[in-house]
> 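Next up is a structure, given as structure tokens.
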Amino acid sequence: MKWLRVLWLLPLIQSVAMASSPNWQDNTKWENWPTVGKADLSWLFFNIYKSELKSPTGQYLESNDVTPHPMALSIIYQQDITKEQLINATQEQWINLGYSQELQDQWLLELDSIYKSVKKGERLVYVTDGTAGEFRFFGENSKEIKLGEIDSEQLNDAFLSIWLSPSTEYPKHRAGLIGMK
């Protein structure tokens, strides 16, 4: 009889635990998460950006899922880059990663409403719970502006695959971000 009461209480306990868990979208503490790794991207003699990956544990857990846990990817641009250049660079990386043209078109349309041109010293941050995420922008005055959300796990993974996939075009950059360098 006792085990029946335990079985009856189990869903209630789980729902209370879930309700008391912090909502990742309300979590403004991502900046206080430990750094997993850092990497700079340069092309020829041009510094393009400095990037940093953070997670609640300070570790990146490698698995078949590129985003198996909450993380924040922060990119500080070292050059002025237009929105169109960001869109084109994203598409180029997705082509290299083998995503279909149909998916790219769908995702790029969504990102076109989120991306913005950036100036040297400005920062874009993508914060994810491992399933969905949001873009944040920090301009010259360091004021945070929410640019938009990604609700699709497939797009969430595709976006972060640019940096974190084992098939990325920049494996040394990936190694630095995930703390293997």
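All values below were derived from every heavy atom in this structure, side-chain atoms included, with hydrogens, water molecules and symmetry-related copies excluded. These figures come from a predicted structure and were not determined experimentally.
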> Identify the two heavy atoms, one from Gly133 and one from Asn156, that lie closest to each other, and give their separation to 0.1 Å.
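Where Gly133 meets Asn156 most closely, the heavy atoms are N-OD1, 3.9 Å.
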> Within the 4.5 Å heavy-atom criterion, are Ile150 and Phe159 side-chain neighbours or not?
no
> Apply the test side chain to side chain contact (heavy atoms under 4.5 Å, CB included) to residues Gln101 and Gln91: give CA-CA distance (whole Å), side-chain angles for both, the deciding distance (0.1 Å), then the verdict.
CA-CA 9 Å; Gln101 188 63 52; Gln91 183 172 29; 3.3 Å; yes
> Please check if any side-chain donor atom of Thr168 sits under 3.5 Å from a side-chain acceptor atom of His173, or the reverse.
no
> Would you give the length of the straight line joining atom CG of Leu86 to atom CG of Leu108, rounded to the nearest 0.5 angstrom?
11.5 Å
> Just wondering, do Phe137 and Val118 contact through their side chains at under 4.5 Å, heavy atoms?
yes
> What heavy-atom pair brings Trp33 and Pro70 nearest, and what distance separates the two atoms?
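Closest heavy-atom pair between Trp33 and Pro70: CH2-CB, 3.9 Å.
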> Determine yes or no for a side-chain-to-main-chain donor-acceptor pair under 3.5 angstrom, with Gln79 supplying the side chain and Tyr49 the backbone.
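No, the answer is negative, given that no donor and acceptor are paired below the 3.5 Å cut-off.
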> Are any non-hydrogen side-chain atoms of Phe46 and Leu41 less than 4.5 angstrom apart?
no
> Should we say atom CG of Asn141 is surrounded by more than 12 heavy atoms from elsewhere, each under 6.0 Å from it?
yes
> Got a donor-acceptor contact below 3.5 angstrom from the Thr67 side chain to the Asp157 backbone?
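Answer holds: no.
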> Minimum heavy-atom separation for Pro34 and Pro56, please, with both atom names.
CD-O, 3.6 Å
> Given side chain to side chain contact (heavy atoms under 4.5 Å, CB included), test Lys50 with Lys38 step by step and report yes or no.
CA-CA 8 Å; Lys50 296 176 180 279; Lys38 295 180 179 185; over 6 Å; no
> Nearest 0.5 angstrom please: Lys83 NZ to Asn88 CG, how far?
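Here the rounded value is 12.0 Å.
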> Could you tell me the separation between the CD atom of Glu52 and the CD atom of Glu31, rounded to the nearest 0.5 Å?
9.5 Å
> Taking the six-membered ring for Trp, are Tyr126 and Phe135 parallel (under 30°), tilted (30 to 60°) or perpendicular (over 60°)?
tilted
> Could you go step by step and tell me if Glu92 and Asn96 meet the side-chain hydrogen bond (donor to acceptor under 3.5 Å, both in side chains) rule?
CA-CA 6 Å; Glu92 182 180 307; Asn96 292 337; 4.7 Å; no
> Roughly how far, to the nearest 0.5 Å, is CD of Glu84 from CD1 of Ile87?
8.0 Å
> Which atom pair, heavy atoms only, marks the closest approach of Glu140 to Glu122?
N-OE2, 3.9 Å
> Using modelled atom types and a 3.5 Å cut-off, is there a donor and acceptor pairing between side-chain atoms of Thr128 and backbone atoms of Gly130?
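Such a contact is found between Thr128 side chain and Gly130 backbone.
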> Decide side chain to side chain contact (heavy atoms under 4.5 Å, CB included) for Ile75 and Trp163; before the verdict, give the C-alpha distance in whole Å, the side-chain angles of both, and the deciding distance to 0.1 Å.
CA-CA 11 Å; Ile75 299 174; Trp163 295 272; 3.5 Å; yes
> Sub-3.5 Å donor-acceptor pair from the side chain of Ser55 to the main-chain atoms of Gln59, do we have one?
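The answer is yes, because a donor-acceptor pair under 3.5 Å joins these two groups.
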> What's the spacing between Ile178 CD1 and Leu164 CG if we round to 0.5 Å?
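Separation between the atoms: 7.5 Å.
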> With the 4.5 Å side-chain cut-off for hydrophobic clustering, are Met180 and Leu61 part of the same group?
no
> Is it possible for you to say whether Leu109 and Ile114 belong to one hydrophobic cluster, with membership spreading through side-chain heavy-atom contacts below 4.5 Å?
no
> Same cluster for Ile95 and Leu97 if Ile/Leu/Val/Met/Phe/Trp/Tyr side chains link at under 4.5 Å?
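As far as the 4.5 Å side-chain criterion goes, Leu97 and Ile95 are not connected within one cluster.
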> Side chains of Met71 and Val36: closer than 4.5 Å at any heavy-atom pair?
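Heavy-atom side-chain distance check fails, nothing below 4.5 Å.
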> Can you tell me how far CD of Glu134 sits from CG of Asp151, rounded to the nearest 0.5 angstrom?
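Between Asp151 CG and Glu134 CD, I get 10.5 Å after rounding to 0.5 Å.
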> Identify the heavy atoms of Ile81 and Gln85 that sit nearest to each other, and give their distance.
CA-OE1, 3.3 Å
> Are Asp80 and Lys120 ion-paired here, with the side-chain N under 4.0 Å from a carboxylate O?
no
> Is atom CD of Glu102 surrounded by more than 12 heavy atoms (other residues, nucleotides or ligands) closer than 6.0 Å?
no
> Under 3.5 Å, is there a donor-acceptor pair between the side chain of Trp30 and the main chain of Lys54?
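Such a contact is absent between Trp30 side chain and Lys54 backbone.
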> Is any side-chain heavy atom of Tyr99 less than 4.5 Å from a side-chain heavy atom of Gln154?
no
> Short question: side chain of Gln78, backbone of Ile76 - any donor-acceptor pair under 3.5 Å?
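Such a contact is found between Gln78 side chain and Ile76 backbone.
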> Hey, does Ile162 have a side-chain heavy atom less than 4.5 Å from the side chain of Trp94?
yes
